[in-house]
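Computed over heavy atoms, backbone and side chain alike; hydrogens, waters and symmetry mates excluded.
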Amino acid sequence: MSASEVKIPGPDHPITIQAHEGRVVVRAGERVIANTNAALELAEASYPAILYVPFGDLDRHALERSDTTTYCPYKGDASYFTVRTDDDLLEDVAWSYEKPYDAVSEIRDHVAFYPDRVTIED
């Protein structure tokens, strides 16, 4: 990766990260896969805000790393996770930036979920 591929958040593409107030519970079917009072809320440009849950507040047995990866020039390389429920296999339902760029370093050791693939209660 060359340095030209790294972009810094700014007025044209703002990214803010703040503590999310209250409890966040993530369910896949009936299975609780995350339960935390320490979620972070990342707001990026005009996209809907995304909640990031600390790895320590996950049911780690619920997540299986997939082979999928993506790249964001503002955040870095993302790894994806699949969730097994009693009835289904939800592929690439969650992602994490394990080595995020400095501008978003707060999301290290956190995972985010697609809100249309799991139930996120906050």
Side-chain angles (χ1 to χ4, degrees):
M1 167 180 31
S2 69
S4 64
E5 294 175 303
V6 177
K7 295 183 179 181
I8 305 299
D12 60 328
H13 192 98
I15 296 177
T16 59
I17 301 170
Q18 63 185 17
H20 179 77
E21 293 188 23
R23 177 169 297 285
V24 173
V25 178
V26 180
R27 296 176 194 277
E30 296 300 313
R31 184 176 190 173
V32 173
I33 51 179
N35 187 343
T36 187
N37 282 319
L40 297 175
E41 185 173 306
L42 183 143
E44 179 175 357
S46 61
Y47 303 115
I50 299 291
L51 295 175
Y52 281 78
V53 174
F55 271 115
D57 292 337
L58 294 172
D59 174 357
R60 298 280 279 195
H61 300 292
L63 298 179
E64 298 175 11
R65 184 179 299 273
S66 79
D67 292 331
T68 303
T69 60
T70 59
Y71 174 73
C72 171
Y74 293 96
K75 296 186 289 290
D77 293 311
S79 300
Y80 285 75
F81 299 90
T82 294
V83 173
R84 285 192 186 278
T85 67
D86 292 336
D87 304 323
D88 206 356
L89 185 65
L90 305 173
E91 293 186 31
D92 296 337
V93 73
W95 70 93
S96 176
Y97 292 92
E98 294 172 8
K99 295 178 182 175
Y101 293 145
D102 290 343
V104 294
S105 63
E106 299 98 323
I107 63 173
R108 179 179 283 114
D109 299 324
H110 287 69
V111 65
F113 295 88
Y114 285 107
D116 61 338
R117 314 252 340 258
V118 296
T119 301
I120 301 173
E121 302 166 7
D122 67 303

Please report the interatomic distance [atom1]([X]) to [atom2]([Y]), rounded to the nearest 0.5 Å.
| X | Y | atom1 | atom2 | value |
| --- | --- | --- | --- | --- |
| Asp12 | Lys7 | CG | NZ | 8.5 Å |
| His20 | Asn37 | NE2 | CG | 9.5 Å |
| Ile8 | Tyr74 | CD1 | OH | 9.5 Å |
| Glu41 | Thr16 | CD | OG1 | 7.5 Å |
| Arg23 | Thr36 | CZ | OG1 | 7.5 Å |

Nearest atoms (heavy-atom pairs only) where [X] meets [Y]:
| X | Y | result |
| --- | --- | --- |
| Glu44 | His13 | OE2-NE2, 2.7 Å |
| Pro100 | Ile107 | CB-CG1, 4.1 Å |
| Tyr101 | Cys72 | CE1-O, 3.9 Å |
| Asp77 | Tyr71 | OD1-CD1, 3.3 Å |
| Ala38 | His110 | O-NE2, 4.3 Å |
| Pro9 | Ala103 | CD-CB, 3.6 Å |

Mind checking whether [X] and [Y] have side chains closer than 4.5 Å, heavy atoms only?
| X | Y | result |
| --- | --- | --- |
| Val32 | Asp59 | no |
| Lys75 | Leu42 | yes |
| Tyr114 | Leu90 | no |

Working for side chain to side chain contact (heavy atoms under 4.5 Å, CB included), residues Tyr97 and Val104:
CA-CA 9 Å; Tyr97 292 92; Val104 294; over 6 Å; no
Indicate, with yes or no, if [Y] and [X] share a hydrophobic cluster defined by side-chain heavy-atom contacts under 4.5 Å among Ile, Leu, Val, Met, Phe, Trp and Tyr.
| X | Y | value |
| --- | --- | --- |
| Leu51 | Ile33 | yes |
| Leu63 | Ile120 | yes |
| Val25 | Val118 | no |
| Ile17 | Tyr52 | yes |
| Val111 | Trp95 | no |

Are more than 12 heavy atoms, taken from residues, nucleotides or ligands other than Asp102, located less than 6.0 Å from that residue's CG atom?
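Not buried by this count: 12 neighbours or fewer within 6.0 Å.
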Looking only at the side chains, is there a donor atom on one of Asp92 and Ser66 sitting less than 3.5 Å from an acceptor on the other?
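A donor-acceptor contact under 3.5 Å links the two side chains.
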Where the side chain of Arg31 meets the backbone of Arg84, is there a donor-acceptor pair that is under 3.5 Å apart?
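Such a contact is found between Arg31 side chain and Arg84 backbone.
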Measure up the Phe81 and Phe55 rings against each other and bin them: parallel (under 30°), tilted (30 to 60°), perpendicular (over 60°).
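Phe81 vs Phe55 ring planes: perpendicular.
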